[in-house]
Amino acid sequence: VSAELAELTGRWDYSTLPSNIRLGRECFVEQRDCFERCRSRRDPAVMLGDRVRVYAWTRFSLEPTGTVEVGEDSTLVGAMFMGAERIQIGARTIVSYFVTIADCDFHPRDSEARRRDAIAIAPGGDPADVAELRTAPVTIGDDVWIGIGAIVLKGVTIGPGARIAPGAVVTRDVPAGGRVIGNPGQLVT
Amino acid sequence: VTAHGLPEYDLPVPIPDNIEIGPESQIWSRWAFLHYRSRRPCGLRVGRRSALWGMTMLDLGPEAEVSIGDHCTMLDVTFATNGSVTIGDCSMIGHRVVIAGAAAPCPPTPEAPPEPLPAPIVIGSNTWITAGSVILPGARIGDDAVVGTGTVVDGEVPAGATAFGNPFRVVTR
């Protein structure tokens, strides 16, 4: 296998990751680029349990204050983590393609505050004017399936064994074993 | 891989033997075959003058077969299945559409037991499947049908109809 192909197929040197990214035993991280947007200054910032598999579509996009913890034997196919506080995922959970999980809205709802925020983050803006982040941790239990393209928003707790259907938008807590479909997400039995 | 995570044209991913690409068709990047595992006699068949653009990816299991007609455009489409997908001529699909064999598919580990094959997905000719849609097993999308953005399709969309929403609804003219 060429060195270039090894970088695409998980056979690169994991010890070159920043020290605040902790991998359990026998983890598989297909591409190093998953951590390209990890700006977290927390330690640990990312903690993956034993045998966690992270495929190419996953991105850990973390603010300096963000952390992600993933339980053992979970599979992250394409999770876009947008974190500013804490996102916690249990064991044996599957997060499918193009899923977004966010513990923050990142920009204000109020239009005037949002205008100031927009100018502050644009080229030439003053970082001191960026709006304060309002966060609420996301907690996802063991044995959960999160379907293709689903979106999980801040403050949500998803109980163990829940099934989130493809394309569902989860804005409220989901009980253990619950099934959520649609946008906005509806709990169905 | 570039700073933006986009692949270069010349990724060192090998091109599989069991594919048939018709005359004047194009595959933008070898990225498409990073997860290709089909062991069928022909795992991917593409007609003539069709293109697989951008991050289009064939995340195919050993029993998977994908067949794409002539003059089709696939832009950032992820095929993630161990079943059969058939797409007619002149269909446009993209971007960020997933055509999948399960609600939450993931690449299998070597030790995982084989799962039953998903129901086939059949997409007709001259269809237009738009951004962020998810096409699931049992989807049958008729000729000339349109699928709106973010739609999740797991059933019948009649020829000429438009499907939208999640769960999806169908309007016919």
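Just so you know, these numbers come straight off a predicted model, no measurement behind them. Throughout, a chain's letter reflects where its sequence line sits, starting with A, and its residues are numbered from 1.
- When each of Leu5(A), Thr75(A), Val77(A) is checked for heavy-atom pairs under 4.5 Å with chain B, Leu5(A) comes out on top.
- Within a 6.0 Å sphere centred on CZ of Arg179(A), other residues, nucleotides and ligands contribute 12 heavy atoms or fewer.
- Proximity of Pro105(B) to Ser96(A): side-chain heavy atoms (C-beta onward) are separated by under 4.5 Å at one or more points.
- For residues 151-175 of chain A, a heavy-atom distance under 4.5 Å to chain B picks out Pro166(A), Gly167(A), Ala168(A), given by residue number.
- Residue-level contacts of residues 60-83 of chain B with chain A, in order of numbering, are Thr78(B), Ala80(B); threshold 4.5 Å between heavy atoms.
- For a residue to count as touching a neighbouring chain, one of its non-hydrogen atoms must lie under 4.5 Å from one of that chain's; by this rule Pro14(B) touches chain A with the side chain only.
- Crowding of Arg51(A) atom CZ: a count of heavy atoms from other residues, nucleotides or ligands under 6.0 Å exceeding 12.
- Using a 3.5 Å distance cut-off with no hydrogens or angles, the side chains of Tyr97(A) and Asp59(B) do pair a donor with an acceptor.
- At a heavy-atom cut-off of under 4.5 Å, chain A is reached by no residue from residues 16-23 of chain B.
- Using a 4.5 Å cut-off between heavy atoms, Glu7(A) makes no contact with chain B at all.
- The 12-atom threshold is exceeded at CZ of Arg114(A), counting heavy atoms of other residues, nucleotides or ligands nearer than 6.0 Å.
- Among Gln186(A), Arg32(A), Glu30(A), the residue with the largest count of heavy-atom pairs under 4.5 Å with chain B is Glu30(A).
- Looking at Ile146(A), the atoms closer than 4.5 Å to chain B (heavy atoms on both sides) all sit in the backbone: N, CA, C or O.
- When hydrophobic clusters are built by joining Ile, Leu, Val, Met, Phe, Trp and Tyr residues whose side-chain heavy atoms come closer than 4.5 Å, directly or via intermediates, Leu117(B) is not grouped with Leu58(B).
- Proximity to chain B (any heavy atom under 4.5 Å) is restricted, for Arg53(A), to the side chain, taken from C-beta onward.
- Taking the side chain as every heavy atom from C-beta outward, Leu8(A) and Arg30(B) never approach each other to under 4.5 Å.
- Contacts of residues 124-161 of chain B with chain A at a heavy-atom distance below 4.5 Å involve Val134(B), Leu136(B), Val152(B), listed in sequence order.
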Worked verdict on His35(B) versus Tyr55(A) for side chain to side chain contact (heavy atoms under 4.5 Å, CB included): CA-CA 10 Å; His35(B) 280 238; Tyr55(A) 288 100; 3.5 Å; yes
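- Residues Leu133(A) and Ile119(A) are members of separate hydrophobic clusters, defined by side-chain heavy-atom contacts under 4.5 angstrom among Ile, Leu, Val, Met, Phe, Trp and Tyr.
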